[in-house]
Q: 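Take a look at this one; I'll ask things after.
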Amino acid sequence: MAFNPTLWVHFEPEHHLIASSLSNDGLVMQNVETQERKIQTSDGVSLAGTIYRGENPTIAILLSAGTGFPQQFYRNAARHLAGKGAVVLTYDYRGIGGSAPDDLANSSIDYPDWGRFDQPAALDCLADQAPDLPIMHLAHSVGGHFIGLMPNHGAIKRHAFVSVGTGYFGHHHKSYRMTEMYFWWGIGTISLAIYGYVKPILGWRGGALPPKLFKTWRRWSHRKAYFSSEYNSLMNPQHYADVTAPMQTWVFSDDPVATEKSSAAILACYSNAPHKILRRSPSDYDQSHIGHDGAFRKGREKIWDECWDWFVE
């Protein structure tokens with residue numbers, strides 16, 4: 001994911017109760033129960049997670065967020081998919097939302113930690129909550145970047161990538177590049193100097209970001225090879241060539257970040273995984289705009305249903 005100035009979401013508190021999930025025609029599908037979970041990583045970090053459990057589930061879905069998006073942003077999609085018959089887990093990466101440390105400025109959190117520790121721990125948690133169910137992965141933006149760092153990636157049967165593309169600015173829409181440079185060298189530089197981390201100021205409306213992670217993201221986004229340029233250093237050990245689970249990616253015509261070129265670049269990292277790119281326009285879903293984060297906003301059930309169909313076909 002790259003800087004998105006429209007990232008502003010109003011969150012309602014997550015209630016621990018049974019709620020009805022609705023289909024596109026407004027009919028009740030299933031009751032969905034939610035439960036907060038604490039997820040322990042192999043390096044001793046505690047992550048915040050939420051289980052959404054539908055009645056008589058047939059699949060389990062790990063829902064991995066984009067950079068700066070707290071898990072609550074995905075609650076409508078999670079509840080909808082659970083209502084169709086799934087156990088869904090959303091979670092906050094370390095440094096984000098409910099998984100943020102008290103002192104973010106002095107944290108050592110880096111981008112690969114999310115794939116090396118956090119995603120594997122979330123996957124193990126989901127497997128424990130949904131024993132014997134096939135596990136699918138629904139990834140938004142950076143949620144699809146680090147599968148090759150997961151030692152347990154083989155437990156995932158299929159991946160649905162929604163707005164997943166590299167952060168390299170040269171693969172993004174030209175009209176977006178000045179905005180990105182403002183984020184990297186304006187907002188980022190000022191925020192690091194004043195606060196020691198990237199704070200939601202001056203147009204950045206995502207979550208606060210750890211300093212080391214931000215600097216890694218900025219460095220990769222100025223390289224055409226993105227993170228693959230560091231396979232033998234920061235990303236080592238990595239297992240990208242070992243990932244063989246099928247991938248289907250949704251590319252939206254008005255997404256300035258996950259363009260067809262940047263999406264293809266991410267898929268190329270998974271050289272042995274069969275994949276397919278679906279090209280979509282907002283009008284395909286009776287919408288005027290989707291952009292980089294709109295696929296997970298309320299009212300995008302048609303997109304989530306397409307993901308469901310891919311998982312169960």
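From a predicted model like this one, the values you see are computed outputs, not experimental measurements.
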Q: Assess, by modelled atom type and distance only, whether the side chains of T249 and H275 contain a donor and an acceptor separated by less than 3.5 Å.
A: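 No, no side-chain donor-acceptor contact under 3.5 Å.
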
Q: Testing the basics here: between A208 and L104, what is the closest heavy-atom pair and its distance to 0.1 Å?
A: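 The pair with the smallest heavy-atom distance is CB-CD2, 3.7 Å.
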
Q: Do you know which two heavy atoms are closest between Y231 and C269, and how far apart they sit?
A: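 Minimum heavy-atom contact is OH-CB, 3.7 Å.
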
Q: Once rounded to the nearest 0.5 Å, what's the spacing between atom OG1 of T166 and atom CG of L267?
A: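 Nearest 0.5 Å value for the OG1-CG distance: 11.0 Å.
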
Q: Rounded to the nearest 0.5 Å, what separation is found between the CG atom of D92 and the CG atom of L47?
A: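 Reported value, rounded in 0.5 Å steps: 8.0 Å.
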
Q: Looking at every heavy atom in both T34 and R79, which two are closest together, and how far apart are they?
A: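 Minimum heavy-atom separation between T34 and R79: CG2-NH2, 4.1 Å.
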
Q: Please find out if less than 6.0 Å separates the ring center of Y93 from that of Y111.
A: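 Ring-ring flag for Y93/Y111: false, centres at least 6.0 Å apart.
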
Q: Enumerate, atom names and distances included, each donor-acceptor pair closer than 3.5 Å involving a side-chain atom of residues 306-313, sequence neighbours excluded.
A:
residue, atom, partner, partner atom, Å
E306, OE1, W250, NE1, 2.7
E306, OE1, Y285, OH, 2.8
W310, NE1, H159, O, 3.0
E313, OE2, R158, NH1, 3.3

Q: Decide yes or no on side chain to side chain donor-acceptor pair (under 3.5 Å) for E36 and T50, but give the supporting numbers first.
A: CA-CA 4 Å; E36 288 187 355; T50 304; 5.5 Å; no

Q: Output all residues satisfying side chain to side chain contact (heavy atoms under 4.5 Å, CB included) with K215, sequence neighbours left out; order by chain, then residue number.
A: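 Partners of K215 by the side chain to side chain contact (heavy atoms under 4.5 Å, CB included) criterion, ordered by chain and then number, come out as L192, R218.
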
Q: Using only atom types and a distance under 3.5 Å, with no angle test, would you say the side chain of D284 pairs donor to acceptor with the backbone of S281?
A: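 Yes.
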
Q: Using 4.0 Å as the upper bound for N to carboxylate O, is an ion pair formed by R116 and D43?
A: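 Between R116 and D43 there is no salt bridge, as every charged N stays at least 4.0 Å from the carboxylate O atoms.
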
Q: Looking only at non-hydrogen atoms, find the nearest pair between A241 and N272 and report the distance.
A: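 So the minimum-distance heavy-atom pair works out to O-ND2, 2.7 Å.
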
Q: Are W217 and Y182 connected into the same hydrophobic cluster when the rule is that any two of I, L, V, M, F, W, Y join if their side-chain heavy atoms are below 4.5 Å apart?
A: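 Yes: a chain of side-chain contacts under 4.5 Å links Y182 to W217.
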
Q: Of the non-hydrogen atoms in W304 and A295, which two are nearest, and what is the gap between them?
A: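 Here W304 and A295 meet closest at NE1-O, 2.8 Å.
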
Q: Tell me whether the rings of F73 and F296 are parallel (<30°), tilted (30 to 60°) or perpendicular (>60°).
A: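 Because their plane-to-plane angle lies in the 30° to 60° range, the rings of F73 and F296 count as tilted.
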
Q: Taking atom CG of D128 as the centre, report whether more than 12 heavy atoms of other residues, nucleotides or ligands fall under 6.0 Å from it.
A: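 It does: D128 CG has more than 12 such atoms within range.
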
Q: Can any side-chain N or O of T90 pair as donor or acceptor with the backbone N or O of L63 at less than 3.5 Å?
A: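 Between the backbone of L63 and the side chain of T90 there is no qualifying donor-acceptor contact (under 3.5 Å).
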
Q: Do R177 side-chain atoms and G170 backbone N/O form a donor-acceptor pair below 3.5 Å?
A: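 Yes; at least one donor-acceptor contact below 3.5 Å.
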
Q: Please assess Y74 against H140 for the test side chain to side chain donor-acceptor pair (under 3.5 Å), listing each intermediate value before the final yes or no.
A: CA-CA 10 Å; Y74 303 94; H140 177 216; 2.7 Å; yes

Q: Kindly write out the residues that satisfy side chain to side chain contact (heavy atoms under 4.5 Å, CB included) with P134, not counting sequence neighbours, or none if the list is empty.
A: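 Partners of P134 under the side chain to side chain contact (heavy atoms under 4.5 Å, CB included) test: I59, M136, K157.
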
Q: Does the side chain of L138 come within less than 4.5 Å of L81's, by heavy atoms?
A: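 With C-beta onward as the side chain, the pair touches.
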
Q: Applying the ring pair (Phe, Tyr, Trp, His ring centres under 6.0 Å) test to W184, which of F169, W220, F214 qualifies?
A: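 Only one option passes, and that is F214.
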
Q: Closest approach of P210 and S107, non-hydrogen atoms and distance?
A: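 P210 and S107 have their closest heavy atoms at CB-OG, 3.8 Å.
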
